[in-house]
Chemist: 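Here it is, the structure, as structure tokens.
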Amino acid sequence: MAAGIEVRPYAGVGAEVLGIDLSGDLPDDLFEQVRQAFVDHGVVFFRDQQLSREQHIGFARRWGDIVVNRFFVPDPGFAQIAEVRKEPQATANIGGGWHTDHSYDAEPAMGSVLVARALPARGGDTMFASMYAAYDALSDGMKRTLSSLNAVHSSRHVFGRQGAYDDGSGRSLHPDLATQDSVHPVVITHPLSHRKALYVNPGFTRHFEGWTAEESEPLLQQLYRHAARPEFTTRFQWRPGSVAFWDNRATWHYALNDYPGQQRLMHRITIAGGPLGR
């Protein structure tokens, strides 16, 4: 192991990676250690980083192609970086409920790299939940029931016309581009860890394929309650210089909206993934 590198697991999900500077070009051996921590823990956290926009982009590109977000306001001059912004006068935030980024895409995003730029004096933490742990804790009977099911995910009800974000707050752009409907297995085999993970989420999952929304709702709600159990979750407290990098195929996240009258600005880059299989 390279000198000074420590991976400190959190309870519930995730790990903090210490002794690393993301602003430079990481040597291959160091990058592989970070990659393994990401695979093992689903989300990795870094403290005391001083990342410029260019360095944020450079770190993200090390992992894969960047997905330019269709719906979020971009950082001026950097289309690859989406602003996750809440101004003091706003009441609604972005990501204020459990979800998985881009599950509505035919090839869902691999991960998202979020950098803190402006933080409230208190509040504004992000919750994460492990979909590995959620799957592992299901009964054998439920695992069998879910093993053959697919679910329909959509962007329309969130980012589209008359969707949750179409409220005049400026949280989202281009509602006419919210036309994505995709079908994915309810239980996936993660392409890197080869572990089983639950792959539905309250933000974008609409119903099971071949089932009506009414038929789907009781089972989906049961799965959502199960997956958000406290023992599967971590609450990450942001500080200046904090960076979080999460795996959208293995985790949920939830941005808490508990800082009225204060600003919060984060920069997010989303990294492309691929098709998901059972």
Side-chain angles (χ1 to χ4, degrees), residues 1-67 78 80-82 84 100-101 109-119 124-134 136 189-197 231-255 266-274:
M1 179 174 288
I5 300 306
E6 180 184 354
V7 178
R8 185 178 297 169
Y10 283 19
V13 63
E16 187 169 335
V17 179
L18 295 90
I20 188 170
D21 181 359
L22 302 181
S23 65
D25 293 328
L26 297 180
D28 289 343
D29 62 337
L30 196 56
F31 178 79
E32 284 305 313
Q33 292 175 46
V34 176
R35 180 182 182 275
Q36 193 60 54
F38 175 77
V39 172
D40 291 343
H41 299 284
V43 53
V44 286
F45 307 110
F46 309 88
R47 298 290 193 185
D48 303 318
Q49 303 295 318
Q50 302 298 322
L51 288 182
S52 68
R53 270 76 164 171
E54 293 84 358
Q55 290 163 344
H56 186 185
I57 292 169
F59 177 70
R61 280 182 172 154
R62 190 80 180 265
W63 297 84
D65 294 334
I66 291 173
V67 177
F78 297 90
Q80 306 95 325
I81 300 174
V84 182
T100 299
D101 295 338
M110 179 268 274
S112 300
V113 184
L114 193 66
V115 176
R117 294 299 184 192
L119 294 169
D125 298 349
T126 301
M127 300 291 297
F128 293 90
S130 170
M131 294 303 103
Y132 292 140
D136 289 344
T189 298
H190 193 282
L192 297 179
S193 71
H194 308 295
R195 295 176 62 187
K196 296 288 188 182
E231 61 265 38
F232 306 152
T233 69
T234 289
R235 180 169 178 157
F236 182 67
Q237 186 175 31
W238 294 92
R239 300 197 300 257
S242 294
V243 177
F245 177 29
W246 63 84
D247 189 328
N248 284 301
R249 303 157 302 188
T251 63
W252 287 353
H253 58 283
Y254 179 175
M266 319 294 277
H267 281 172
R268 194 187 85 182
I269 297 180
T270 302
I271 301 164

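Both backbone and side-chain heavy atoms feed into the values below; hydrogens, waters and symmetry mates do not.
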Chemist: Are Asp101 and Thr270 close enough that a side-chain donor and a side-chain acceptor fall under 3.5 Å?
Modeler: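 No, because no side-chain N or O of Asp101 sits under 3.5 Å from a partner of the opposite role on Thr270.
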Chemist: Are there over 12 heavy-atom neighbours, none belonging to Glu231, within less than 6.0 Å of that residue's CD?
Modeler: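 Atom CD in Glu231 is crowded, with more than 12 foreign heavy atoms closer than 6.0 Å.
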Chemist: Kindly state whether the ring of Phe232 and the ring of Tyr132 have centres lying under 6.0 angstrom apart.
Modeler: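 Distance test on ring centres: not under 6.0 Å, no.
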Chemist: Restricting to non-hydrogen atoms, name the atom on Leu119 and the atom on Pro240 that form the minimum distance, rounded to 0.1 Å.
Modeler: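 Here Leu119 and Pro240 meet closest at CD1-N, 3.6 Å.
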Chemist: Spell out, as yes or no, whether a donor-acceptor pair under 3.5 Å connects the side chain of Gln55 to the backbone of Ser52.
Modeler: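 Side chain of Gln55 to backbone of Ser52, a donor-acceptor pair under 3.5 Å: yes, one is there.
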Chemist: State the CG-CZ distance between Leu22 and Phe245, to the nearest 0.5 angstrom.
Modeler: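 Rounded to the nearest 0.5 Å, the CG-CZ separation comes out at 10.5 Å.
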Chemist: Check for a donor-acceptor pair, side chain of Thr234 on one end and backbone N or O of Val13 on the other, with a separation under 3.5 Å.
Modeler: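 Judged by distance alone, yes, a pair lies under 3.5 Å.
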Chemist: Apply side chain to side chain donor-acceptor pair (under 3.5 Å) to His267 and Arg117, showing your working.
Modeler: CA-CA 7 Å; His267 281 172; Arg117 294 299 184 192; 3.1 Å; yes
Chemist: Would you say the ring centroid of Phe236 lies under 6.0 angstrom from that of Trp238?
Modeler: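 Centroid separation for Phe236 and Trp238: below 6.0 Å.
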Chemist: Counting distance only, does the side-chain N/O of His41 pair as donor-acceptor with the main-chain N or O of Glu16 below 3.5 Å?
Modeler: no
Chemist: After noting the C-alpha distance and the side-chain angles of Met110 and Leu192, does the key distance pass the side chain to side chain contact (heavy atoms under 4.5 Å, CB included) rule?
Modeler: CA-CA 10 Å; Met110 179 268 274; Leu192 297 179; 5.5 Å; no
Chemist: Roughly how far apart are Ile269 CD1 and Ile57 CD1, rounded to 0.5 Å?
Modeler: 5.0 Å
Chemist: Taking all non-hydrogen atoms of both residues, which atom of Ser130 and which atom of Gly12 are closest, and how far apart?
Modeler: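 Scanning both residues, the minimum pair turns out to be CB-O, 4.1 Å.
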Chemist: Where do Asp136 and Lys196 land on the salt bridge (Lys or Arg N to Asp or Glu O under 4.0 Å) test, with the steps shown first?
Modeler: CA-CA 8 Å; Asp136 289 344; Lys196 296 288 188 182; over 6 Å; no
Chemist: Taking the side chain as every heavy atom from C-beta outward, state whether Asp21 and Gln50 have any atom pair closer than 4.5 Å.
Modeler: no
Chemist: Got a sec, which residues hit salt bridge (Lys or Arg N to Asp or Glu O under 4.0 Å) with Arg62, two or more places apart in sequence or on another chain?
Modeler: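 Residues passing salt bridge (Lys or Arg N to Asp or Glu O under 4.0 Å) with Arg62: Asp28.
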Chemist: Determine the minimum heavy-atom distance between Gln49 and Ser23, stating which atoms define it.
Modeler: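 Of all heavy-atom pairs spanning Gln49 and Ser23, the closest is OE1-N, 4.4 Å.
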Chemist: For residues Ala129 and Thr233, report the shortest heavy-atom separation together with the two atoms involved.
Modeler: CB-CG2, 3.9 Å
Chemist: Scan for salt bridge (charged side-chain N to carboxylate O under 4.0 Å, His left out) pairs involving residues 33-54, sequence neighbours excluded, and state none if there are none.
Modeler: Arg53-Asp75
Chemist: Any donor-acceptor pair under 3.5 Å linking the side chain of Asp65 with the backbone of Ala272?
Modeler: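 Between the backbone of Ala272 and the side chain of Asp65 there is no qualifying donor-acceptor contact (under 3.5 Å).
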Chemist: Would you say the rings of Trp246 and Phe128 are close, in the sense that their centroids are separated by under 6.0 Å?
Modeler: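 Yes.
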Chemist: Nearest 0.5 Å, what's the CG-CZ distance between Leu114 and Phe45?
Modeler: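 Here the interatomic distance stands at 10.5 Å.
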Chemist: Assert yes or no for the condition that the ring centre distance of Phe38 to Phe31 is strictly below 6.0 Å.
Modeler: no
Chemist: Quick one: are Arg8 and Leu18 in side-chain contact, heavy atoms under 4.5 Å?
Modeler: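 The answer is yes; the side chains approach within 4.5 Å.
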Chemist: So Met266 and Thr126, do their side chains get closer than 4.5 Å, heavy atoms only?
Modeler: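 They are not in side-chain contact.
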Chemist: Any non-hydrogen side-chain atom of Leu26 less than 4.5 Å from a side-chain atom of Phe59?
Modeler: yes
Chemist: Are any non-hydrogen side-chain atoms of Val17 and Glu6 less than 4.5 angstrom apart?
Modeler: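 No, their side chains stay 4.5 Å or more apart.
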Chemist: Between Ser112 and Ile271, is there a side-chain heavy-atom distance shorter than 4.5 Å?
Modeler: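 In short, these two side chains do not touch, never coming nearer than 4.5 Å.
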Chemist: Contact between Val34 and Ile20 at the side-chain level, heavy atoms closer than 4.5 Å - yes or no?
Modeler: yes
Chemist: Sort and list the pairs that fulfil salt bridge (charged side-chain N to carboxylate O under 4.0 Å, His left out) and have at least one residue in residues 234-243, not counting sequence neighbours.
Modeler: Asp125-Arg235, Arg235-Asp258
